[in-house]
S.K.: 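Take a look at the following structure, please.
The shown structure was predicted, so the numbers you read here are calculated from the model rather than taken from an experiment.
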Amino acid sequence: REERWIIPPQSLRQIFMLITLAFWCLWTNWIITAVSDFVIMYTTELWVFTGGLTRRGGHAPCCSLLRGYFICLRYHFGTIILGSLIVGVA
């Protein structure tokens, strides 16, 4: 009698490649999440230091989200990638 597989048997190389691909996808997700968190924190920081917590309130500077993405990608992207890798390995 012949066995039927839902997923055909894989070689060790294919299994390693699938595990690597899964880790890469998760790592990319962690990087995107870290960049988003940074931009939210940076925009909040700009809002607070331009009078956002005063009684009359304040507004964040123009294009603060774009500025946050620029600052993140220009000055902090290496740290974000390393931090995401550490989160992934841990």
Side-chain angles (χ1 to χ4, degrees):
R1 183 177 132 191
E2 190 175 314
E3 291 185 37
R4 295 185 182 209
W5 293 84
I6 295 174
I7 300 173
Q10 308 292 321
S11 68
L12 285 176
R13 183 176 179 179
Q14 289 173 328
I15 291 172
F16 176 73
M17 289 169 61
L18 287 173
I19 291 171
T20 303
L21 179 66
F23 179 76
W24 179 78
C25 290
L26 288 172
W27 188 20
T28 303
N29 184 27
W30 293 319
I31 290 171
I32 292 170
T33 302
V35 168
S36 299
D37 289 345
F38 179 88
V39 170
I40 290 170
M41 288 184 279
Y42 186 79
T43 304
T44 304
E45 173 191 347
L46 288 178
W47 173 73
V48 167
F49 289 116
T50 56
L53 295 177
T54 60
R55 285 199 178 264
R56 58 172 216 242
H59 299 286
C62 180
C63 300
S64 59
L65 288 174
L66 292 176
R67 183 194 247 172
Y69 279 110
F70 174 76
I71 295 294
C72 177
L73 296 177
R74 175 75 169 101
Y75 299 109
H76 300 282
F77 197 58
T79 305
I80 285 178
I81 289 177
L82 181 62
S84 298
L85 180 64
I86 291 171
V87 166
V89 171

S.K.: Can you name the side-chain contact (heavy atoms from CB on, under 4.5 Å) partners of Ile15, sequence neighbours left out?
M.R.: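 Listed in chain order: Gln10, Ile19.
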
S.K.: For Thr20, check side-chain contact (heavy atoms from CB on, under 4.5 Å) against everything at least two apart and list the hits.
M.R.: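 Thr20 satisfies side-chain contact (heavy atoms from CB on, under 4.5 Å) with Phe16 only.
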
S.K.: Report all side-chain donor-acceptor pairs from residues 34-49 shorter than 3.5 Å, counting only partners two or more places apart or in another chain.
M.R.:
{"from": "Ser36", "atom 1": "OG", "to": "Ile32", "atom 2": "O", "distance (Å)": "3.0"}
{"from": "Thr43", "atom 1": "OG1", "to": "Val39", "atom 2": "O", "distance (Å)": "2.9"}
{"from": "Thr44", "atom 1": "OG1", "to": "Ile40", "atom 2": "O", "distance (Å)": "2.8"}
{"from": "Trp47", "atom 1": "NE1", "to": "Gly58", "atom 2": "O", "distance (Å)": "3.0"}

S.K.: Give a yes or no on whether Val89 and Leu26 share a hydrophobic cluster (residues Ile, Leu, Val, Met, Phe, Trp, Tyr; joining criterion: side-chain heavy atoms under 4.5 Å apart).
M.R.: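 Shared cluster, yes.
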
S.K.: Which residues end up grouped with Met17 if you chain together Ile, Leu, Val, Met, Phe, Trp and Tyr wherever their side-chain heavy atoms are less than 4.5 Å apart?
M.R.: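 ILVMFWY cluster around Met17 holds nothing else.
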
S.K.: If hydrophobic residues (ILVMFWY) are linked whenever their side-chain heavy atoms come closer than 4.5 Å, directly or via other members, who joins Ile86 in its cluster?
M.R.: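 Result for Ile86 is Leu82.
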
S.K.: Let me have the donor-acceptor pairs involving side chains of residues 68-76, under 3.5 Å, with sequence neighbours excluded, atom names and distances please.
M.R.:
none

S.K.: Trp27: what forms a side-chain contact (heavy atoms from CB on, under 4.5 Å) with it, not counting sequence neighbours?
M.R.: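 For Trp27 the side-chain contact (heavy atoms from CB on, under 4.5 Å) partners, ignoring immediate neighbours, are Phe23, Trp30, Ile31, Ile81, Ser84, Leu85.
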
